[in-house]
Visitor: 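The structure that follows is given in the form of structure tokens.
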Amino acid sequence: MGPPVLFPLLHRLSSPLRTVTPTWGRWLLRQLPPPSCTRTPCTTSFPGLNSQHIRGMCVESTLSHIKELSPPEQRLLNKLYEGLISGQRASLAESITLVETQHPRKKELAQVLLQRVLAHRKEQEKQNGGKPLAFRVGLSGPPGAGKSTFIEVVGKMLTGQGHKVSVLAVDPSSCTTGGSLMGDKTRMTELSRDMSAFIRPSPTSGTLGGVTRTTNEAIVLCEGGGYDIVLVETVGVGQSEFAVADMVDMFVLLIPPAGGDELQGIKRGIIEKADLVVVTKADGDLLVPARRIQAEYTSVLKLLRKKSKSWNPKVVRVSSQTGEGVAELWGKMEAFRSATLSSGDFQDRRRAQHKVWMWSLIQENVLRHFQEHPAVRGELPQLEDRVTRGAISPGLAADLLLKAFTSSSSSSSSQ
């Protein structure tokens, strides 16, 4: 989380990525110094890839900004890549740890590994007729909706059918200590012992939207490891937190039976992002309320604008305790996948998501560059002090910092 004085800047940088390209992001990008590196041929060995792949990934400057790898770094990446594509869970876990790091050099190594995995996955998809091999499902809902218990029941059913299931569970981080309990995995005792399943809990580390900064990269690694079903469980979220919808093929919203009336459903936000609404805990004394909520949300979804021409969102109720409705739920998910693959919506959504997350990472890196700029760091302590004393408004302080940033960048570029 940035310093308080930068909140107005954060607000300006956070224009909706889903609809327009952020103009503030473009403006700040123009202030960045040009890259100092030159195009150099990539000498990294890529096991399993032919020279055409290497030319496409290296000579075309995909990785040209990265310093040449040392022999130990090459050995590390080769070990991770070979272990990953052969299905070793330890290599997958280590690879995800690498992409989650904040260390500058290790972040570069992570990008090299991701490019290799992407090339491997693209070759597999080509052999599959251009269709994606994995099915990404995002599971979100308010705290206490039963997401972890639901995932264990669904995951066990899928592994029993021969699928390989990976679960990326996101736990909230403390806003005071920065720590995270990582408690989701303890609720999935049976699934965590299943050799056809992989569960990876990760902390939010201050990232908003219910997911982590690197969840998208972790999904790619799971698919490279041969997992054909990727379930992304978010933290407990509210009506406006649906970042996971921009990284999965199907967005499933879980709501408890006491989740409010039909007015909650008709409000814009997370409901209209859902491809499937699941009413959980539909057993015992909560069965009657679950039926009522299912009927109300079924009526509400008819009033919302359709996201896809090939799919109408459905509402189902399930019980993780008795297993009732779980098979029907998976049937709806398979129907969604078949319908969107046939219409082309499946592939279109993935292409749009790549652009969204590219701009999301650009915003994050541009903001970090702004915070680390010498002119900004020189002015920041004094302006923070004036803001805390009430001498100037946060908005004016942000404008002064931006002016210092642009003036310094302009003078540097003119020299």
Side-chain angles (χ1 to χ4, degrees), residues 1-18 20-36 99-108 170-181 202-215 235-243 356-415:
M1 189 66 69
V5 72
L6 289 176
F7 286 167
L9 174 64
L10 280 166
H11 175 71
R12 296 175 186 180
L13 282 174
S14 60
S15 57
L17 287 171
R18 297 163 186 81
V20 294
T21 301
T23 54
W24 274 90
R26 282 176 171 170
W27 176 82
L28 279 174
L29 275 176
R30 289 197 292 270
Q31 314 305 318
L32 296 178
S36 57
V99 301
E100 288 180 343
T101 184
Q102 291 292 332
H103 188 277
R105 182 56 178 170
K106 290 182 179 179
K107 288 175 72 172
E108 293 181 346
V170 183
D171 276 337
S173 298
S174 169
C175 58
T176 54
T177 65
S180 186
L181 183 60
S202 298
T204 57
S205 301
T207 306
L208 300 178
V211 292
T212 72
R213 178 183 58 85
T214 55
T215 299
V235 299
V237 300
Q239 287 180 317
S240 62
E241 298 166 298
F242 41 78
V356 167
W357 280 95
M358 179 191 76
W359 276 105
S360 176
L361 293 171
I362 286 174
Q363 285 189 340
E364 177 188 328
N365 290 324
V366 166
L367 180 59
R368 186 174 68 250
H369 176 81
F370 174 85
Q371 291 173 310
E372 295 173 354
H373 195 276
V376 173
R377 296 180 68 177
E379 296 283 345
L380 190 57
Q382 178 186 359
L383 289 174
E384 279 186 327
D385 180 64
R386 294 176 68 186
V387 167
T388 55
R389 289 188 287 106
I392 60 173
S393 67
L396 176 58
D399 289 339
L400 292 172
L401 287 170
L402 283 169
K403 185 177 180 180
F405 176 75
T406 54
S407 299
S408 175
S409 299
S410 300
S411 60
S412 299
S413 60
S414 62
Q415 292 177 354

Visitor: Test your reading of the model: is there a side-chain donor-acceptor pair from Ser407 to the backbone of Ala404, 3.5 Å cut-off?
Guide: no
Visitor: Shortest non-hydrogen contact from Pro394 to Val387?
Guide: CG-CG1, 4.1 Å
Visitor: How long is the straight-line distance from CG of Leu396 back to NZ of Lys403, given to the nearest 0.5 Å?
Guide: 10.5 Å
Visitor: Residues two or more places apart in sequence or in another chain: which of them pass side-chain contact (heavy atoms from CB on, under 4.5 Å) with Arg377?
Guide: none
Visitor: Determine the minimum heavy-atom distance between Phe405 and Val376, stating which atoms define it.
Guide: CB-CG2, 3.8 Å
Visitor: For residues Val99 and Thr214, report the shortest heavy-atom separation together with the two atoms involved.
Guide: O-CG2, 3.2 Å
Visitor: Look up atom CD in Gln363 and atom CE in Met358, then write down how far apart they are to the nearest 0.5 Å.
Guide: 10.5 Å
Visitor: With a sphere of 6.0 Å drawn around NZ of Lys106, does it hold more than 12 non-hydrogen atoms of other residues, nucleotides or ligands?
Guide: no
Visitor: Rounded to the nearest 0.5 Å, what separates atom CG in Leu383 from atom OG1 in Thr388?
Guide: 10.5 Å
Visitor: Hey, what do you get for CG (Leu401) to NE2 (His373), rounding to the nearest 0.5 Å?
Guide: 11.5 Å
Visitor: When rounded to the nearest 0.5 angstrom, what is the spacing between CZ in Arg386 and CG in Leu400?
Guide: 7.0 Å
Visitor: What is the distance from atom CG of Leu402 to atom CG of Asp399, rounded to the nearest 0.5 Å?
Guide: 6.5 Å
